Amino acid sequence: MQENFSLQSYNTFGVDAKARYFAEIHSIKELKEALNFSDVQNLPLLFLGGGSNILLTKDFDGLAIKLSLKGIHEDIISENNVLVTAKAGENWHEFVMFCLDKNYGGLENLSLIPGNVGTSPMQNIGAYGTEIKDIFVNCTVLNLENLQLETFNLEQCKFGYRDSIFKQEGKGKYVILEVTFKLTRQNHKIKTEYGAIKSQLENLGIQNPTIQDISKAIINIRQSKLPDPKEIGNAGSFFKNPTILLTQFEELQQKFENIQGYPNGDFVKVPAGWLIEQCGWKGKQIGNVASHKLQSLVIVNATGLATGKEIFDFSTEIINSVKEKFGIELEREVNII
């Protein structure tokens, strides 16, 4: 247990906020000991995974727990399927690469997403036509009220767009310890229809892509569009893509002919990055904070000196300008602490 601990290297924005107490845990036993300490001291809790989806706007007057549970287990259940279980502290991209090395399919479109396995169900992380819910089986959690282990299946997780029970009624009640996925061993379903995957495969001269080819293409795309948090502080996409009524979208089309949108029944998902860029934010910097020059959806700690409050205030200005121009209110994808 450490006191007055800087969390700068534990969040990808590189914000220098401090925790009153900090503990890194490697087992359920250590976790329960840390929780007992927080209970006796009556401390609020902050669980840290890869630190890639949080913005620390102030010092944390409680116990920050870094979950470093490690381990991967495989269970072949049929000729075509395998269950792979990874502990919460496993790095997400390294876990995807582990599965691809075994020729297990299903995760390839989620390559190079920052963060750890344990936080993947919280956000129902997704990219390029795949979401966690598509390959999710269950997750083991610790109930923070009674310190008992529980299992949540697909239905119980109530997955939505960048959403789950762990961000809604279950928020602050559970900590995810491990996650199990059902992957393919052969007859892989190749998804190339989203984004620039097809053009990237063409650039690589690939006509009949494997799951490894899909992963390589997506890594190339992400590296060309998104900044590396190790080089400049960021949390990836800062905002969710808003979903609006089809009637509202059609009204906006009258005013903005080139507005982008992806229809789904009576609703249309509008790319937040396009909205932000139309408001002149792409590459714009205010003080220590900027919208990335290649992807306006990404807010960066441009100087490395930004406070969490500066980043939060910058995001508020973006939200206000998009609402004023388009009548659409953006929602932050990043968790604000």
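The residues of the chain are indexed from 1 along the displayed sequence. Just so it is clear, the model here is predicted, and its values are computed rather than measured.
- The ring of Phe181 has its center closer than 6.0 angstrom to the ring center of Phe95.
- Between Ser111 atom OG and Leu100 atom CG the span is 5.5 Å, to the nearest 0.5 Å.
- Around the CG atom of Asn42, the shell of radius 6.0 Å holds no more than 12 heavy atoms that belong to other residues, nucleotides or ligands.
- In this structure, Phe98 places its CZ atom where more than 12 heavy-atom neighbours from other residues, nucleotides or ligands lie under 6.0 Å away.
- Residues Val334 and Ile54 share a closest heavy-atom pair of CG1-C, 3.6 Å.
- One hydrophobic cluster, built from ILVMFWY side chains closer than 4.5 Å, cannot hold both Tyr21 and Phe60; they sit in different ones.
- With Asn234 contributing its side chain and Ile232 its backbone, the two residues share a donor-acceptor pair below 3.5 Å.
- By the 4.5 Å heavy-atom criterion applied to side chains, Leu144 and Val175 are counted as neighbours.
- Between Phe5 and Tyr10, the ring centre distance stays below 6.0 Å.
- Electrostatic pairing of Glu33 and Lys29 counts as a salt bridge here, judged by a charged N lying under 4.0 Å from a carboxylate O.
- Not one N or O on the side chain of Thr184 forms a donor-acceptor pair closer than 3.5 Å with the backbone of Asn187.
- A chain of hydrophobic side-chain contacts below 4.5 Å, direct or via other Ile, Leu, Val, Met, Phe, Trp or Tyr residues, connects Ile176 to Ile125.
- When only modelled atom types and interatomic distance are considered, Asn103 and Gln212 share a side-chain donor-acceptor pair under 3.5 Å.
- We find the NZ-CZ distance between Lys158 and Phe166 to be 11.0 Å, quoted to the nearest 0.5 Å.
- Nearest heavy atoms, Val298 versus Pro227: CG1-CG, 3.9 Å.
- Between the side chains of Arg332 and Thr316, a donor-acceptor pair is found at a separation under 3.5 Å.
- At least one test fails for Lys58 against the ring of Phe312: distance under 6.0 Å to the centre or angle within 45° of the axis.
- Counting only heavy atoms from C-beta outward, the side chains of Val289 and Ile299 approach each other to under 4.5 Å.
- Closest non-hydrogen pair, Ala127 versus Ile113, comes out as CB-CD1, 4.0 Å.
- Remark: the backbone N or O of Gly287 is paired with a side-chain donor or acceptor of Gln285 at under 3.5 angstrom.
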Next item on the list: Carefully, step by step, assess Met122 and Tyr174 under the rule side chain to side chain contact (heavy atoms under 4.5 Å, CB included).
Entry: CA-CA 11 Å; Met122 292 179 67; Tyr174 308 96; over 6 Å; no
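- For the atom pair CG of Leu245 and CG of Leu252, the computed distance is 11.0 Å after rounding to the nearest 0.5 Å.
- Here the side chain of Asn109 pairs no donor or acceptor atom with the backbone of Gly129 at under 3.5 angstrom.
- With respect to the salt-bridge test (charged N to carboxylate O, under 4.0 angstrom), the residues Lys198 and Glu193 do not qualify.
- Although no hydrogens or angles enter the test, the distance criterion places no donor-acceptor pair under 3.5 Å between the side chain of Ser237 and the main chain of Phe239.
- Ring centroids of Phe256 and Trp274 are separated by 6.0 Å or more, keeping the two rings apart.
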Pairs of donor and acceptor atoms involving the side chains of residues 63-74, under 3.5 Å and at least two apart or interchain, shall be tabulated with distances.
unit_1, atom_1, unit_2, atom_2, d
Lys66, NZ, Gly49, O, 2.4
Ser68, OG, Glu24, OE2, 2.7
Glu74, OE1, Tyr104, OH, 2.6
Glu74, OE2, Lys102, NZ, 3.3

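- Each of Glu150, Lys173, Gln148 was evaluated against Asn143; a single residue qualifies, Glu150, per the side chain to side chain donor-acceptor pair (under 3.5 Å) test.
- The only option from Val96, Leu112, Ile214 that meets the side-chain contact (heavy atoms from CB on, under 4.5 Å) definition with Ile219 turns out to be Leu112.
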Checklist line | Intermediate values then yes/no, side chain to side chain contact (heavy atoms under 4.5 Å, CB included), Tyr262 and Thr243 | finding: CA-CA 9 Å; Tyr262 301 94; Thr243 297; over 6 Å; no
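- Between the Glu30 side chain and the His26 main chain, a donor and an acceptor come within less than 3.5 Å of each other.
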Margin query: Pair Phe152, Asn138 - check side chain to side chain contact (heavy atoms under 4.5 Å, CB included), show working.
Written below: CA-CA 5 Å; Phe152 278 72; Asn138 58 48; over 6 Å; no
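- Leu226 and Ile221 fall into different hydrophobic clusters, defined by Ile, Leu, Val, Met, Phe, Trp and Tyr side-chain heavy atoms under 4.5 Å apart, directly or through other members.
- By the 4.5 Å heavy-atom criterion applied to side chains, Glu131 and Tyr161 are counted as neighbours.
- Looking only at distances, no side-chain donor or acceptor of Ser296 sits under 3.5 Å from a matching main-chain atom of Lys282.
- Asn301 CG to Asn11 CG: the interatomic distance, rounded to the nearest 0.5 Å, is 9.0 Å.
- Between Glu90 atom CD and Thr85 atom OG1 the span is 11.5 Å, to the nearest 0.5 Å.
- In this structure a side-chain-to-backbone donor-acceptor pair under 3.5 Å is present from Asn80 to Gln186.
- Within a 6.0 Å radius of CG in Asp266, no more than 12 heavy atoms belonging to other residues, nucleotides or ligands are found.
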Notebook entry, point to check: Given the rule in the side chain to side chain donor-acceptor pair (under 3.5 Å) test, do Ser6 and Asp16 qualify, once you have shown the distances and angles that lead to the verdict?
Noted result: CA-CA 6 Å; Ser6 173; Asp16 189 16; 2.7 Å; yes
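- Side-chain contact of Lys167 with Gln123: a donor-acceptor pair under 3.5 Å is present, judged by distance alone.
- A salt bridge does not link Lys191 to Glu108: none of the charged side-chain nitrogens sits closer than 4.0 Å to a carboxylate oxygen.
- For Glu169, the CD atom sits in a packed shell: over 12 heavy atoms of surrounding residues, nucleotides or ligands are nearer than 6.0 Å.
- Hydrophobic clustering keeps Phe37 apart from Leu48 (ILVMFWY residues linked when any side-chain heavy atoms are closer than 4.5 Å, directly or through intermediates).
- With a 6.0 Å radius and a threshold of 12 heavy atoms from other residues, nucleotides or ligands, Glu155 has its CD atom at or below the threshold.
- Side-chain atoms of Asn288 and Glu310 form a donor-acceptor pair, as typed in the model, at a separation below 3.5 Å.
- Atom CG of Asn264 is surrounded by 12 or fewer heavy atoms from other residues, nucleotides or ligands within 6.0 Å.
- Between Cys139 and Cys157, the shortest heavy-atom contact is SG-SG, 4.2 Å.
- The hydrophobic cluster containing Leu297 does not contain Leu294, counting ILVMFWY residues as joined when their side-chain heavy atoms lie under 4.5 angstrom apart, directly or transitively.
- Asp59 and Lys18 are not joined by a salt bridge, as no carboxylate oxygen comes within less than 4.0 angstrom of a charged side-chain nitrogen.
- Distance alone, capped at 3.5 Å, is enough to place a donor-acceptor pair between the Thr12 side chain and the Gly51 backbone.
- Formation of a donor-acceptor pair under 3.5 Å by the Asn4 side chain with backbone atoms of Arg20 is not found in this model.
- Closest approach of Leu201 to Ala217, counting heavy atoms only: CD2-CB, 4.0 Å.
- Between the side chains of Trp92 and Ser120, no donor N or O sits under 3.5 Å from an acceptor N or O.
- Taken from OG1 in Thr151 to CG in Leu177, the straight-line distance is 10.0 Å, to the nearest 0.5 Å.
- A donor-acceptor contact closer than 3.5 angstrom links the side chains of Asp213 and Thr210.
- A donor and an acceptor atom, one from each side chain of Asn53 and Glu333, are nowhere located under 3.5 Å apart.
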